[in-house]
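As the structure lists them, so they are numbered: ligands from 1, and atoms in each ligand from 1. Note that the numbering runs from 1 along the sequence shown for the chain.
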Amino acid sequence: MSTLPIITLPTQALSNDGCEGTSTGSLEVATLNSDDLAAAASGDSASDAAKTQASTELSPDEQGAPGQRDHNGKLYIETVGCQMNMLDSELVVAALRREGYELTSQPDDADTILFNTCSVREHAEHKIYSALGRLKHARKQRPQQVIGVMGCMAQKDQSLIFDRAPHVDIVVGTGQMAEIPGLIKNARKDRERALAVSLDRKAGTRREVSASFQSYDPLREPEMRPSPYQAFVRIMFGCDKFCTYCVVPMTRGPEQSRLPSEILAEVAHLAGQGVKEVTLLGQTVNSYKCVENGKTWRLSDLLAAMHETPGMLRFKFVTSYPRDMTDDLLIALRDLPKCSHYIHVPLQHGCDDVLSRMKRGYTTAHYREMHQRIKEYLPHSAVSSDFIVGFCGETEESHQKSLEAIREYRFKNSFIFKYSERPGTKAQSLFRDDIPDDVKKRRNQELLELQNEISEEDNAAFIGREVEVLVEGPSKNAIKKADSSLKEQLTGRTRCDRIVVFDGNPRLAGSLAQVVVHDVTPTTLVGSILTREVQHGSSSLLPILV
Ligand code: 5AD
Ligand code: SF4
């Protein structure tokens with residue numbers, strides 16, 4: 001349901017400059033293309049099932065059967081950014097596949113092209129403007145083509161996207177994902193551009209602005225999910241923390257928690273489809289709070305309730321906010337065996353002056369106290385962090401404090417980012433982006449090297465130990481080799497979220513396996529699966545087929 005009118009603009013001649021950005025090719029942001037989304041659901045039977053359903057439930061116009069439709073039905077989608085974006089793409093792809101679209105990994109093949117975008121750093125936006133620029137000429141040859149920009153950059157840049165890339169047909173913000181199928185259809189039919197975005201944070205009351213950011217969480221069919229055993233479930237969206245460097249409160253709107261009854265129904269539905277691991281998503285996921293039927297639900301209550309779901313093996317959640325790491329949550333993690341003992345709780349910086357300029361709402365002393373409580377309740381847990389280097393006014397001395405923090409907390413891993421000034425943020429108006437790029441790069445490298453050393457040392461402590469792994473499926477190497485032998489390199493994660501690779505039968509995907517670790521890298525444990533010899537009838541442990 002849209003709460004705002006969709007603005008349509010007549011398509012103009014494609015004569016403007018189009019795109020100005022250049023792609024740096026850096027790996028700072030994850031990208032997910034049609035291949036990734038299609039990966040697990042790629043069996044022919046899966047897509048056939050989707051099409052069969054389309055033909056029984058939709059009108060001939062909606063079915064878009066090849067002979068009837070005015071486009072080739074091929075969809076190319078590229079996703080940049082966080083897990084929230086991956087989930088949005090998955091849901092939009094599912095909606096379009098229901099209408100008869102099929103994914104292609106080649107933009108040249110597609111009459112429908114979508115970019116799900118990220119605005120957290122400038123470089124992520126450059127990538128998208130560059131990709132749009134590359135499509136400009138091909139678009140002239142394909143009058144039936146529809147190009148859409150969705151997500152954070154759509155909400156942030158709005159009609160500026162049409163100015164910079166006039167061949168774009170639809171611009172759809174994070175709060176209007178449900179509109180995409182209809183907008184594509186209209187754009188192709190009427191050749192009018194459409195802009196569907198939410199209200200700016202100051203353009204109405206909190207209630208009005210919140211209502212203009214609609215959560216998009218329809219139930220998913222199993223064949224529409226990228227992995228049969230893992231799923232993301234959004235429990236909240238938006239953010240009210242307003243860290244001075246961050247655009248998310250603008251691009252995702254006010255903090256809103258979804259109703260527990262809806263979340264629990266979604267988890268039960270996924271369990272019924274064979275999902276074994278659910279990752280709960282929220283920008284500050286541990287700030288979750290919702291009153292339903294007079295009861296206040298926090299994240300700990302949600303975890304306790306979903307823990308009862310038959311079939312589920314593991315629950316995780318990202319990303320946490322340090323000030324909201326309450327004892328009830330840590331007690332829930334301690335007492336609920338299906339909860340992963342992994343907490344991603346970004347410190348962002350090791351220096352109090354910088355944290356204060358970032359308006360993070362805590363000091364290093366607060367973070368230390370929180371970390372001590374995590375380790376008291378969950379001694380074997382893994383904690384990970386994000387860091388920003390080169391924030392406005394960061395001295396060499398304050399940078400050293402971030403290095404000290406990595407030494408002190410021995411994070412499992414850290415995501416390290418060079419500060420990128422973002423329009424519309426408080427940092428942009430209050431401070432000067434005064435750290436030269438080469439200094440940012442060097443500081444980034446120093447944090448990364450130290451973190452890698454620590455990760456490798458801490459991983460090495462696992463050598464010779466047995467770990468319980470939730471098997472995810474073939475590793476990236478195995479997929480690349482496409483080896484048809486019975487044993488393949490599999491990948492999975494320990495309870496504290498360490499990645500483990502080992503050889504095994506792909507049938508183990510979605511189950512728990514015991515693996516002995518014999519080698520490590522900073523990011524991965526390498527092991528072999530434990531086979532147990534059991535005498536029939538003498539033990540509940542069955543031999544594992546490897
Ligand atoms: N520049 C660099 N990094 C940023 N992040 C958020 N905003 C910016 C910015 N303007 C980082 C933070 C956050 C992660 C998702 O991205 O570390 O935790
Ligand atoms: Fe951005 Fe801060 Fe909100 Fe995280 S908590 S999304 S960094 S404003």
Return the closest protein heavy atom for [atom] as residue, atom name and distance.
{"atom": "atom 15 (C) of ligand 1", "value": "Asp386 OD2, 3.9 Å"}
{"atom": "atom 11 (C) of ligand 1", "value": "Arg121 NH1, 3.3 Å"}
{"atom": "atom 4 (Fe) of ligand 2", "value": "Arg360 NH1, 4.2 Å"}
{"atom": "atom 2 (C) of ligand 1", "value": "Lys418 O, 3.3 Å"}
{"atom": "atom 3 (Fe) of ligand 2", "value": "Cys239 SG, 2.3 Å"}
{"atom": "atom 1 (Fe) of ligand 2", "value": "Cys246 SG, 2.3 Å"}
{"atom": "atom 8 (S) of ligand 2", "value": "Cys243 N, 3.4 Å"}
{"atom": "atom 1 (N) of ligand 1", "value": "Ser420 N, 3.0 Å"}
{"atom": "atom 7 (S) of ligand 2", "value": "Tyr245 OH, 3.3 Å"}

Original post:
In Å and rounded to the nearest 0.5 Å, what is the CZ to OG1 distance from Arg298 to Thr326?
Top reply: 6.5 Å
Original post:
In Å, rounded to the nearest 0.5 Å, how long is the span from CG of Leu378 to CD1 of Ile343?
Top reply: 5.5 Å
With a cut-off of 4.0 Å, which atoms of ligand 2 are near a heavy atom of [X]?
{"X": "Lys241", "result": "5 (S)"}
{"X": "Phe242", "result": "8 (S)"}
{"X": "Thr284", "result": "5 (S)"}
{"X": "Val248", "result": "6 (S)"}
{"X": "Pro249", "result": "8 (S)"}

Under 4.0 Å from a heavy atom of [X]: give me the atoms of ligand 1 that qualify, with their elements.
{"X": "Gln348", "answer": "12 (C), 13 (C), 17 (O), 18 (O)"}
{"X": "Arg422", "answer": "10 (N)"}
{"X": "Val120", "answer": "4 (C), 5 (N), 6 (C), 7 (N), 8 (C), 9 (C), 10 (N), 16 (O)"}

Basic-acidic side-chain contact under 4.0 Å: [X], [Y]:
{"X": "Asp240", "Y": "Arg206", "result": "yes"}
{"X": "Arg368", "Y": "Glu408", "result": "yes"}
{"X": "Asp88", "Y": "Arg252", "result": "yes"}

**OP:** Locate the shortest heavy-atom distance separating Phe232 from Glu266; write the atom from each residue and the value.
**Re:** O-OE2, 4.5 Å
**OP:** Would you mind telling me if ligand 1 is within reach of the side chain of Tyr245, the backbone, both or neither, using heavy atoms under 4.0 Å?
**Re:** both
**OP:** Run the numbers on Arg422 and Glu125 for salt bridge (charged side-chain N to carboxylate O under 4.0 Å, His left out), then give the verdict.
**Re:** CA-CA 11 Å; Arg422 305 289 46 226; Glu125 296 188 340; 3.3 Å; yes
Subject >> Parallel, tilted or perpendicular: ring planes of Phe315 versus His307, cut at 30 and 60 degrees >> reply: tilted
**OP:** Please confirm whether Arg498 makes a cation-pi placement over Phe462, using NZ or CZ under 6.0 Å from the six-membered ring centre and within 45° of the ring normal.
**Re:** no
Original post:
When Cys243 is tested against each of Met358, Lys359, Lys426, Arg360 for side chain to side chain contact (heavy atoms under 4.5 Å, CB included), which residue passes?
Top reply: Arg360
**OP:** Using distance alone, with no hydrogens and no angle criterion, decide if Gln445 and Glu449 have a side-chain donor and acceptor under 3.5 Å apart.
**Re:** yes
